[in-house]
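Everything below concerns the one structure shown next.
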Amino acid sequence: MQREHKLRSYSLNSVCAHFLGEQKEEVHHSIITDLQNGNDETRRRLAIYCLKDAYLPQRLMDKLMCLINYMEMARVTGVPFNYLLSRGQQIKVISQLFRKAFEQDLVIPAVKVEGTDEQFEGATVIEPEKGFYNVPITTLDFSSLYPSIMIAHNLCYTTLLDNKEIENLNLKAEVDYITTPYNSARFVKPNLRKGLLPTILEDLLAARKKAKAELKKETDPFKKAVLDGRQLALKTSANSVYGFTGATAGKLPCIEISASVTAYGRQMIERTKQEVESRFCIANGYKHNAHVIYGDTDSVMIKFGVNNLIEAMELGREAAGYVTEKFLNPIKLEFEKVYFPYLLINKKRYAGLYWTNPNNWDKLDTKGIETVRRDNCLLVQNVVETCLRKILIDRDVSGAEEYAKKTISDLLQNKIDMSQLVITKALSKQDYSAKQPHSCLAERMHKRDPGSAPTLGDRVAYVIIKAAKNSPAYEKSEDPIYVLENNIPIDTNYYLENQLSKPLMRIFEPILGNKSNSLLSGDHTRVTKNTTPTVGGLMKFAVKTPTCLGCKTPLTGNDIPVCKHCKPKLGELFQKQLDVVNSLEIHFARLWTQCQRCQGSLHQDVLCSSRDCPIWYMRKKAQKDVADATGILERFNHAW
DNA sequence: GAGGGTACCTAC
DNA sequence: TAAGGTAGGTACCCTC
C-alpha cells in the first residue's frame, strides 16, 4: 500500500475505510483475554474481530486486483512474482536487459560500482510568469519524453562509443554516430546497431498504448481504474529505465546515457518555447503573439492571446503538430488540455479548470499546492480547495473570501473539530539533526507506551497545543488521542498563523493584490468567545473549577465545586445536565451502530478507530462527557 | 531577524 | 544488503 498509494494513514483500518468503505473491529489487545474468558457474546465479538482482520486484507487485494496487476508486471519484466513486492525498480530493468541481451548473444558485465554523491543535471523548469489568468492557457506535453529521447537517439550501453572504438572501426561523425549535448558523448546510429534499451522501451510503450486503447473502450469505472493503473505502471517502468542508467548506487550506472537524456530534454523544451513563440505571432498572420508562461520538463503552457476555448484548442493542436515535425521519431508533442482560468502560483504549483473539449470542463486540476499535500491538516486542505472551487469554477471571489473569513473566525472561536487539525508526517529517520514536531512527539509517545508509539516509516499524527509563548513547535506537538483524553487546549493561533495564512495569501494575492491582507485582520479574527477546551465541552464546569458554580465565590478544600448556600439550587441544574447526557447517549447509541463515514457496522461499545474520522471524535467526545458527568454526579450525590 | 541547512513532499 | 532520477517549494530549526 505504501509503495503504490499515497495515503494519509496506512493503518489497516484507514486503508480499508479508503478503498472498501468498511472498517475493522476495534479490540484493544489488553482485553482479548477477558473477551475469551467471558461469555458467548464477548467471544463472538472476539471472533468477529479475528475474522475481519483476516478477510479485510483479502478484500483489499481483490478490489485492487493486485494478483492480476502483479502477474502482468511479472510477465512484462520477467521477474519472479515476489520480487515485485520485496525489491525495487532496478531488478525489473536488469531482468529485461538480461532477456534482450540473451536473445542477441550478449553478456552483461557484473560491474562493481561505488556510489558517488555527484548528481548530473536534470530537467529545465521554465521560470513561471506568476499570476491569475482569466484567459485560456493551452498546455502541450511531450508524450513519454525520456523514453522517446532514448529511442530516437538510440541511447544504450551497447551503442556508447569511446575514442578507441571510433578509431578502430573507422566511424564517421554524423554519418555513423551522433554526438549528444552532454559532454560530447557519442552513440552509434541504429542502422549499425540498435540498442537494447530502445528495444525494451519500444515494447513497454507499445504495451502502454494497448492498455490506453482498452481504457478508452472500457465503460466499467473500476476496470477503467485498473487499466489506468496498468498504463501508469508501464509508464513508470519505462521512466525507470532512464532512472536506472542514472542510479549511481545501482548495478549498471551510465551517466553518459542519463545525462544525455536530460540534456536533450533541456534543449527540446527550450526549442519548443522558441518555435511556438516565433511562429504564432502577429507577424505570421495570427491575431496575437503567443507566449509561453510556464513549462516543466516536458510541457509548455501557452497563452495564445485568444479568449475562447475553441480557438485555444485549435491553436494547441496546430502548434503540437508543428513542433513535432521538428524532432525525430518517435518524439511527439501532444495537445492535451486547456486551463481556463489558470492560477500560476510558482514553479510546480498551480491550479486551473481543466478542459479537453470546449463544452464542459473535466475537473479542477491542482498541482503542488496544499490540496494535494499530505503534510497539511485537513482544515487547510478543505479551505484551500473550497476557495479554489469558488474562484475557478463559480467565479465567485467574494464568496471565497467570505468562506475563508468564516473559517478563520470559526477556528479562533474553537468551532473547528479537532479531526480537521490533525497533521501527519512520515517518521523517516532514526536520528534527526534538528528537533521536529513529529519526531519529538514520537519520542515522547515512546516513553509513555513503547507498544503503541509510531516507529520508523510510520506516519505520525499530531495537533499543536497551547504552550508558553514563543515555545518551538516541537514542544507543542501532541498525540490527538492524548489531547482528547486530557482535555488539552489547541493552539488555534498557530493554526491561523502557521498553517492557514500563507496558503490563503498565496491564492488570494494574485487575484486581490493588496486587498488580500484584509483576510487576516478584521472582525473575524477577533475572539469573541473565550477559547474553551476543544473537546469534552459539556461538563467542563466542575471538578477543577475553584469557584462556586452558582455565585462564583472561591472555594477552598471543597471536593464539590459549590458552596452550601448554592447546593439546593444546583440540584435542578444537575438534573438538567443529566437529561442532556441521557439524550446524548441515546442519540449516540443510535449513531454508534453504524460508522457515519463508511456505513460499516459497529459493535455498540466499539469505537471506530480512524483518527481522522470526524464521527470518531464526536463519539469519543460524547463518551467522555457521559463519563465525566456520571463521575461528577456520583461524587456530588455522595457528598450530599 | 536574516540566512543557511534539514526534512518533507511533490512535479515531472 | 539493496536502494530508479533531478528540480523545487515550503516550513521549521539553528546559528550568527
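In what follows, chains are A, B, ... by sequence order, proteins preceding strands, each numbered from 1.
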Can you tell me, in whole Å, how much space there is between the P of B:dC12 and that of C:dG4? 22 Å
Aromatic rings A:H438 and A:Y432: how do their planes relate, parallel, tilted or perpendicular, breaks at 30° and 60°? perpendicular
Check the phosphate of C:dT10 against A:R349, side-chain N and O only, distance under 4.0 Å to OP1 or OP2. Yes or no? yes
With respect to the side chain of A:A247, which nucleotide from C:dG5, B:dA7, B:dC9 is positioned closest? C:dG5
Expressed in angstrom and rounded to an integer, what is the separation of A:L252 atom CG from C:dA3 atom C1'? 15 Å
Do A:T455 and A:D458 have a side chain donor and acceptor closer than 3.5 Å? yes
When the nearest nucleotide of DNA chain C is assigned to A:T124 and to A:S240 on a heavy-atom basis, which residue is associated with the more 5' position? A:S240
Check whether any side-chain nitrogen or oxygen of A:Y350 sits under 4.0 Å from OP1 or OP2 of B:dC12, and answer yes or no. yes
Choose from B:dC8, C:dG9, B:dA11 the nucleotide whose nearest atom is closest to any side-chain atom of A:N346. C:dG9
For the side chain of A:A249, starting at C-beta, report the closest nucleotide among C:dC12, C:dT10, C:dA3. C:dA3
Quick one: is A:N498 getting a side-chain N or O under 4.0 Å of the C:dC12 phosphate, OP1 or OP2? yes
Here the distance between atom C1' of B:dC8 and atom CD1 of A:I423, to the nearest Å, is 13 Å
Contact class for A:R506 vs. all strands (heavy atom < 4.0 Å): base, sugar-phosphate, or nothing? sugar-phosphate
Regarding the side chain of A:V125, the nearest nucleotide among B:dT10, C:dA7, C:dC14 is C:dA7
Assigned partner base of B:dT10, Watson-Crick or wobble definition, under 3.5 Å: C:dA7
Under 4.0 Å, heavy atoms only, any strand: does A:K348 hit a base, just the sugar-phosphate, or nothing? base
Consider the side chain of A:P503, meaning its heavy atoms from C-beta on, and name the nucleotide among B:dC9, C:dA11, C:dA3 that approaches it most closely. C:dA11
Length of the OH-P vector between A:Y146 and C:dA7, whole Å: 9 Å
Select base, sugar-phosphate, or nothing to describe what A:S428 touches, counting heavy atoms under 4.0 Å on all strands. sugar-phosphate
Run the side-chain donor-acceptor check on residues 242-250 of chain A: report pairs under 3.5 Å with partners two or more places apart or on a different chain.
{"residue": "A:T245", "atom": "OG1", "partner": "A:Y242", "partner atom": "O", "Å": "2.7"}
{"residue": "A:T248", "atom": "OG1", "partner": "A:T116", "partner atom": "O", "Å": "3.4"}

Under 4.0 Å between a side-chain N or O of A:K347 and OP1 or OP2 of C:dA7? no
Could you state the atom-to-atom distance from NZ of A:K92 to C1' of C:dA2 in whole Å? 15 Å
With a 4.0 Å cut-off, would you call A:R266 and A:E270 a salt bridge? no
Look at A:Y432 and C:dC12 and indicate whether a side-chain polar atom (N or O) is within less than 4.0 Å of OP1 or OP2. no
Salt bridge check, A:K447 against A:E443: does any charged N sit closer than 4.0 Å to a carboxylate O? no
As a test of reading the structure: which of B:dA11, C:dC12, C:dC14 is closest to the side chain of A:D296, going by heavy atoms? B:dA11
Can you classify the ring geometry of A:Y342 versus A:Y350 as parallel (below 30°), tilted (30 to 60°) or perpendicular (above 60°)? tilted
Examine distances only and state if a side-chain atom of A:H5 and a backbone atom of A:M1 form a donor-acceptor pair shorter than 3.5 Å. no
Phosphate-side-chain proximity, A:H438 and B:dC8, N/O vs OP1/OP2 below 4.0 Å: yes
Select base, sugar-phosphate, or nothing to describe what A:V372 touches, counting heavy atoms under 4.0 Å on all strands. sugar-phosphate
Within the structure shown, what part of the strands sits under 4.0 Å from A:G122 by heavy-atom distance: base, sugar-phosphate, or nothing? sugar-phosphate
N or O in side chain of A:Y494 less than 4.0 angstrom from C:dC12 OP1/OP2: yes
Report yes if at least one side-chain N or O of A:Q436 is closer than 4.0 Å to OP1 or OP2 of B:dA7; otherwise report no. no
Between B:dA7 and A:S433, is there an OP1 or OP2 to side-chain N/O distance shorter than 4.0 Å? yes
Phosphate contact (C:dG8 OP1 or OP2) by A:R373 side-chain N/O below 4.0 Å: no
Determine: side-chain N/O of A:Y474 to OP1/OP2 of C:dA11, distance under 4.0 Å, yes or no. no
Looking at C:dA11, I'd like to know if its phosphate oxygens (OP1 or OP2) sit under 4.0 Å from a side-chain N or O belonging to A:K502. yes
